[in-house]
2 protein chains.
Amino acid sequence: MSSVSESEVMQLHAEICAGLADPKRIMILYELVPGPRNVNDIAAALGAPQPQISRHLKVLRERGMVIAERHGATVAYTVADARIIQALDLLRQVLADKLRNQAALAATAASASE
Amino acid sequence: MSSVSESEVMQLHAEICAGLADPKRIMILYELVPGPRNVNDIAAALGAPQPQISRHLKVLRERGMVIAERHGATVAYTVADARIIQALDLLRQVLADKLRNQAALAATAASASE
DNA sequence: ATGTTACATTCGTCTATTCGCATATGTCAC
DNA sequence: GTGACATATGCGAATAGACGAATGTAACAT
């Protein structure tokens with residue numbers, strides 16, 4: 001019966017979004033798309049120190065956005081929900097269009113000043 | 001020719017996500033879904049002080065996520081891209097499922113301890 | 001038990017965000 | 001011009017986020 005209040009939902013919604021609000025975390029999530037990866041592999045792939053990646057993974061874990069699974073000495077991380085990647089892709093498209101429009105505007109301005 | 005580097009894209013991607021990383025901003029964006037709204041209406045609808053809403057709108061504006069259009073004394077705000085709302089909806093669904101699963105788990109635990 | 005590899009956490013510091021409050025700007029009506 | 005309304009911004013305090021560097025824990029092999 002623990003119904004969640006409207007503002008609590010908004011808070012949780014914002015926390016999930018905040019999980020995406022860091023370039024490294026976005027890169028980590030995309031690294032996990034092809035399949036599970038362990039921490040050192042991610043760190044190596046992104047050229048970032050392992051503790052930094054571990055901390056970012058903790059942020060994502062706390063928000064239920066990735067799943068950690070121990071396999072012996074290593075820990076495999078997975079994206080918890082494919083819709084997280086879908087949302088990232090949507091926002092990436094928004095960004096791509098914005099950059100495209102800016103480039104077009106710049107070209108227009110350039111040709112206007114020729 | 002201004003090609004944007006990989007990490008710059010990630011930075012911009014993260015900035016858009018950061019635009020969503022606040023409960024009030026999410027509420028503002030959903031307020032704009034039915035149609036354009038001016039600042040005071042949003043502030044009244046959310047029961048928040050006008051300067052706070054104005055600042056949040058500035059954050060969204062700077063990231064190109066909303067469009068401001070002056071009409072006389074008032075300024076009408078619109079969501080710049082419908083995919084922003086789609087992304088929010090996706091993440092909201094992720095959250096809803098998570099809450100549903102947590103509730104189910106709690107119920108299981110409760111029945112196990114009967 | 002020791003060593004080695006994999007991962008997580010703590011600490012101190014720095015930067016960024018958010019807020020309330022007051023105030024500035026902008027637009028219109030008169 | 002003045003006044004009234006709509007929106008934006010400056011300022012200071014409080015809070016949160018991210019980092020590097022060092023250290024702690026966990027799993028396994030020998």
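Lettering follows sequence order; numbering is per chain, from 1. Every heavy atom of this structure was used, including side-chain atoms; hydrogens, water molecules and symmetry mates were not.
- Phosphate proximity of D:dA6 to B:Q50: absent, as no side-chain N or O sits under 4.0 Å from OP1 or OP2.
- Distance from the side chain of B:D22 is smallest for C:dT18 among the nucleotides C:dT18, D:dA18, C:dA8.
- Judged purely by atom type and a 3.5 angstrom limit, A:R70 uses its side chain to pair as donor or acceptor with the backbone of A:G72.
- Nearest nucleotide to the B:R63 side chain, out of C:dT9, D:dG20, C:dT17: C:dT17.
- Listed for the A:R63 side chain is a donor-acceptor partner under 3.5 Å among the backbone atoms of A:E15.
- Mapping A:A21 and B:D41 onto DNA chain D by nearest heavy atom places B:D41 at the nucleotide closer to the 5' end.
- Note on B:H56: a side-chain N or O is less than 4.0 Å away from OP1 or OP2 of C:dC19.
- We find the CZ-CG distance between A:R92 and A:L99 to be 10.5 Å, quoted to the nearest 0.5 Å.
- Position along DNA chain D of the nearest nucleotide to A:A73 versus A:A18 favours A:A18 as the more 5'-ward residue.
- B:P49 comes within contact range of the sugar-phosphate backbone alone, with a heavy-atom separation under 4.0 Å but no base atom that close.
- Listed pair A:Y77 / C:dA6 fails the phosphate criterion, with no side-chain N or O lying under 4.0 Å from OP1 or OP2.
- If you check every strand for non-hydrogen atoms under 4.0 Å, B:R70 touches sugar and phosphate atoms only.
- The side chain of B:K58 places no N or O atom within less than 4.0 Å of a non-bridging phosphate oxygen (OP1 or OP2) of D:dA8.
- A sub-4.0 Å separation between OP1 or OP2 of C:dC19 and a side-chain N or O of B:K24 is present.
- If you check distances only, the side chain of B:R55 does reach the base of D:dG10 with a donor-acceptor pair under 3.5 Å.
- Across all strands, A:T74 comes closer than 4.0 Å only to sugar-phosphate atoms, never to a base (heavy-atom distances).
- For the pair A:R83 (side chain) and B:A87 (backbone), a donor-acceptor distance under 3.5 Å is absent.
- Between the side chain of A:S54 and the backbone N or O of A:Q50 there is no donor-acceptor pair closer than 3.5 Å.
- For the OP1/OP2 pair of D:dT7 and a distance below 4.0 Å, the side-chain nitrogens and oxygens of B:N40 include at least one atom meeting the criterion.
- A:R25 has its CZ atom 9 Å from the P atom of D:dG17, to the nearest Å.
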